[in-house]
Asks: 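Dumping the structure here so I can ask a few things about it.
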Amino acid sequence: MEISESGYLHIKQLLKPEELETVVGLATVGRFVDGKLTAVDAAASVKSNMQMPQEGSLESQQIGNIVMRAIAQNPIVQSAIMPKMILPPIVSKYQPGMNYGLHVDSPLMGSQYTIRTDVGMTLFLSDPESYEGGELVIHSEIGEVKYKLAKGDAIIYPTTKLHKVNPVTSGERLAAVTWMQCVVRDSQKREILFKLKAANDELRSANPNAFLNLQQVYSNLIRMWAEL
């Protein structure tokens with residue numbers, strides 16, 4: 001796990017090797033449609049990719065189950081992001097000439113259920129050496145931040161930021177994207193809780209009394225800030 005200078009969360013190997021192999025295999029045999037079918041408003045005019053349909057696709061459902069289970073079982077995601085609701089992931093494919101222009105994610109998403117999209121996640125499913133271009137570019141306070149992560153790595157970022165996927169010039173970029181609503185909406189408050197929990201975990205055996213006192217503060221802050 002790494003937190004970048006811009007505050008985005010880089011999860012290394014979100015999927016276990018066997019899970020990653022299964023997901024890529026399912027995506028290889030699955031059906032893809034025009035990605036514009038799921039875009040709304042201005043995003044539709046700048047989106048050029050292919051996506052696995054979420055309805056009527058057994059492969060898409062199986063991939064979604066694997067990815068959502070990995071998110072639920074990852075302790076870093078749970079403590080840093082505190083997801084309350086997660087949308088089924090969308091598997092996207094970019095071939096030469098395809099890209100996703102500068103856009104902002106919709107504040108509310110979902111078909112079977114609707115969530116407030118506090119953070120987005122991109123899970124990279126292709127070896128970075130197997131394609132050219134295709135970087136995820138996020139516009140942040142420190143300028144453009146580019147991500148082209150290892151196969152199986154994920155980046156989680158606030159949906160308030162403008163972002164894009166650079167054109168793929170050769171090879172094929174495969175990724176899964178999803179969005180989450182957090183128990184604590186404010187990203188700065190989540191960061192405070194995450195650092196507080198990390199510090200408290202170090203005290204568990206070294207200083208049990210201090211651990212309990214800090215655990216009380218951590219728990220009471222969640223009670224103050226949580227939205228259920």
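No experiment lies behind these values; they were computed from the predicted model shown.
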Asks: Establish whether M109 and V46 are linked, either directly or via other cluster members, by ILVMFWY side-chain heavy-atom contacts under 4.5 Å.
Replies: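 M109 clusters together with V46.
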
Asks: Indicate the atoms forming the closest heavy-atom contact of N49 with K93, along with that distance.
Replies: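 Looking at all heavy atoms of both residues, the shortest contact is CB-O, 3.5 Å.
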
Asks: Within the distance-only criterion (no hydrogens, no angle test), does the side chain of R173 pair as donor or acceptor with the backbone N or O of Y94 below 3.5 angstrom?
Replies: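 The answer is no, because no donor-acceptor pair under 3.5 Å joins these two groups.
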
Asks: Let me confirm one number: the CG-CG distance from L15 to L125, rounded to the nearest 0.5 Å.
Replies: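 If I round to the nearest 0.5 Å, the distance is 7.0 Å.
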
Asks: Where the side chain of Q78 meets the backbone of I71, is there a donor-acceptor pair that is under 3.5 Å apart?
Replies: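 Side chain of Q78 to backbone of I71, a donor-acceptor pair under 3.5 Å: yes, one is there.
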
Asks: Is the NZ or CZ atom of K189 positioned over F194's six-membered ring, under 6.0 angstrom from the centre and within 45° of the axis?
Replies: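 Checked: cation-pi criterion not met.
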
Asks: Using a 4.5 Å cut-off on heavy atoms from C-beta on, say whether the side chain of M50 contacts that of S92.
Replies: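 Side-chain contact under 4.5 Å: no.
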
Asks: Judged by atom type as modelled, is there a donor-acceptor pair below 3.5 Å linking the side chain of T178 to the main-chain atoms of L87?
Replies: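 Pair found, side chain donor or acceptor close to backbone of L87.
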
Asks: Starting from I86, can I reach V77 by hopping between I/L/V/M/F/W/Y residues whose side chains sit under 4.5 Å apart?
Replies: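 Result: yes, single cluster for both.
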
Asks: Do the side chains of M82 and V217 join up, straight or via other hydrophobic residues, at under 4.5 Å, putting them in one cluster?
Replies: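 Same cluster.
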
Asks: Starting at CG of D105, measure out to CG of L162 and round the result to the nearest 0.5 Å.
Replies: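 If I round to the nearest 0.5 Å, the distance is 10.0 Å.
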
Asks: Please determine whether ring-ring contact (aromatic ring centres under 6.0 Å, His included) holds for the pair H163 and H139, giving the CA-CA distance in whole Å, both sets of side-chain angles, and the decisive distance to 0.1 Å.
Replies: CA-CA 6 Å; H163 56 283; H139 285 223; 9.3 Å; no

Asks: Hey, does the side chain of R190 reach the backbone of R185 with a donor-acceptor pair shorter than 3.5 angstrom?
Replies: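 Checked: pair present.
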
Asks: Regarding K164 and the six-membered ring of Y100, is the cationic atom NZ or CZ under 6.0 Å from the ring centre and inside 45° of its axis?
Replies: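 Ring-cation test returns no.
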
Asks: Heavy-atom count check: over 12 atoms from other residues, nucleotides or ligands less than 6.0 Å from E227 CD?
Replies: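 More than 12 heavy atoms, drawn from other residues, nucleotides or ligands, come within 6.0 Å of this atom.
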
Asks: Looking only at heavy atoms, what is the nearest atom pair of G152 and L123, with distance?
Replies: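 Taking every non-hydrogen atom into account, O-CD1, 3.4 Å.
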
Asks: State plainly whether one hydrophobic cluster holds both L228 and Y218, where clusters connect Ile, Leu, Val, Met, Phe, Trp and Tyr through side-chain heavy atoms under 4.5 angstrom apart.
Replies: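 They do share one cluster, since a chain of ILVMFWY contacts under 4.5 Å joins L228 to Y218.
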
Asks: Are E129 and K148 ion-paired here, with the side-chain N under 4.0 Å from a carboxylate O?
Replies: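 Looking at E129 and K148, the cut-off is not met.
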
Asks: Is there a donor-acceptor pair closer than 3.5 Å between any side-chain N or O of S130 and the backbone N or O of S126?
Replies: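 No; judged by distance alone, with no hydrogens or angles, the pair does not exist.
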
Asks: Considering only heavy atoms from C-beta outward, does the side chain of L9 approach that of I155 to under 4.5 Å?
Replies: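 No, their side chains stay 4.5 Å or more apart.
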
Asks: Do you know which two heavy atoms are closest between S140 and V145, and how far apart they sit?
Replies: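 Taking S140 first and V145 second, the nearest heavy atoms are OG-CG2, 3.4 Å.
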
Asks: Got more than 12 heavy atoms from elsewhere within 6.0 Å of CD, E18?
Replies: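 Yes, the 6.0 Å shell around CD holds more than 12 heavy atoms from other groups.
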
Asks: What's the spacing between E172 CD and T28 OG1 if we round to 0.5 Å?
Replies: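 If we round to the nearest 0.5 Å, E172:CD and T28:OG1 are 8.0 Å apart.
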
Asks: Do Q215 side-chain atoms and A210 backbone N/O form a donor-acceptor pair below 3.5 Å?
Replies: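 Side chain of Q215 to backbone of A210: no pair is present.
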
Asks: What do the steps show when you test V23 against Q62 for side-chain contact (heavy atoms from CB on, under 4.5 Å), and what is the final call?
Replies: CA-CA 8 Å; V23 165; Q62 291 174 325; over 6 Å; no

Asks: Does a side-chain heavy-atom distance below 4.5 Å link W225 with L193?
Replies: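 W225 reaches L193 side chain to side chain.
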
Asks: If you measure from the Lys or Arg side-chain nitrogens to the Asp or Glu carboxylate oxygens, is any gap between K197 and D201 under 4.0 Å?
Replies: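 D201 and K197: salt-bridged.
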
Asks: So if you build clusters from Ile, Leu, Val, Met, Phe, Trp, Tyr with side-chain heavy-atom gaps below 4.5 Å, do I156 and V184 land together?
Replies: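 No, I156 and V184 fall in different hydrophobic clusters.
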
Asks: One thing to verify: whether D118 and R116 come together as a salt bridge, which I'm taking to mean a side-chain N less than 4.0 angstrom from a carboxylate O.
Replies: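 The answer is yes: the pair qualifies as a salt bridge.
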
Asks: Quick one, N99 with N166, criterion side-chain contact (heavy atoms from CB on, under 4.5 Å). Give me CA distance, side-chain angles, the key distance, then yes/no.
Replies: CA-CA 6 Å; N99 72 300; N166 278 342; over 6 Å; no

Asks: Looking at K47 and G35, would you say the former's side chain and the latter's main chain have a donor-acceptor pair under 3.5 Å?
Replies: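 Such a contact is found between K47 side chain and G35 backbone.
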
Asks: Please examine the side chains of F32 and P53, heavy atoms only from C-beta on, and report whether any two atoms are closer than 4.5 Å.
Replies: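 No, every pair of side-chain atoms sits at 4.5 Å or beyond.
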
Asks: To the nearest 0.5 angstrom, please state how far the CZ atom of F211 sits from the CD atom of Q216.
Replies: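 If I round to the nearest 0.5 Å, the distance is 12.0 Å.
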
Asks: Output the distance between atom OG1 (T22) and atom CD (E59), rounded to the nearest 0.5 Å.
Replies: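 The CD atom of E59 is 13.0 Å from OG1 of T22, to the nearest 0.5 Å.
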
Asks: Could you walk me through whether Q95 and Y131 pass side-chain contact (heavy atoms from CB on, under 4.5 Å), step by step?
Replies: CA-CA 9 Å; Q95 294 177 331; Y131 62 99; over 6 Å; no

Asks: Is there a side-chain contact between Q54 and I90, using heavy atoms and a 4.5 Å cut-off?
Replies: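 Side chain of Q54 against side chain of I90, heavy atoms only: contact under 4.5 Å found.
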
Asks: Side-chain contact, heavy-atom cut-off 4.5 Å: Y157 with Y147?
Replies: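 Side chain of Y157 against side chain of Y147, heavy atoms only: no contact under 4.5 Å found.
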
Asks: Run R31 and M52 through side-chain contact (heavy atoms from CB on, under 4.5 Å) and show every step you take.
Replies: CA-CA 6 Å; R31 179 173 62 94; M52 295 184 72; over 6 Å; no

Asks: What closest approach, in Å, do G133 and T169 show between heavy atoms, and which atom pair accounts for it?
Replies: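 The answer is N-OG1, 4.2 Å.
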
Asks: Check whether any side-chain heavy atom of K151 sits under 4.5 Å from a side-chain heavy atom of V24, and report yes or no.
Replies: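 Contact flag for K151/V24 side chains = yes.
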
Asks: Over all heavy atoms of both residues, which pair between P89 and G64 is shortest? Give the atoms and the distance, please.
Replies: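 That would be CD-CA, 3.7 Å.
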
Asks: Which pair of non-hydrogen atoms, one from P128 and one from A150, has the smallest distance, and what is that distance?
Replies: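 Minimum heavy-atom separation between P128 and A150: CD-CA, 4.1 Å.
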
Asks: Could you give the distance from CD1 (I63) to CE (M68), rounded to the nearest 0.5 Å?
Replies: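 Output value for this atom pair is 13.5 Å.
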
Asks: Side chains of E19 and V67, heavy atoms from C-beta outward: is any pair under 4.5 Å?
Replies: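 E19 vs V67: side chains apart.
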
Asks: Would you say the side-chain atoms of T117 pair up with the backbone N or O of P107, donor to acceptor, closer than 3.5 Å?
Replies: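 Answer holds: yes.
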
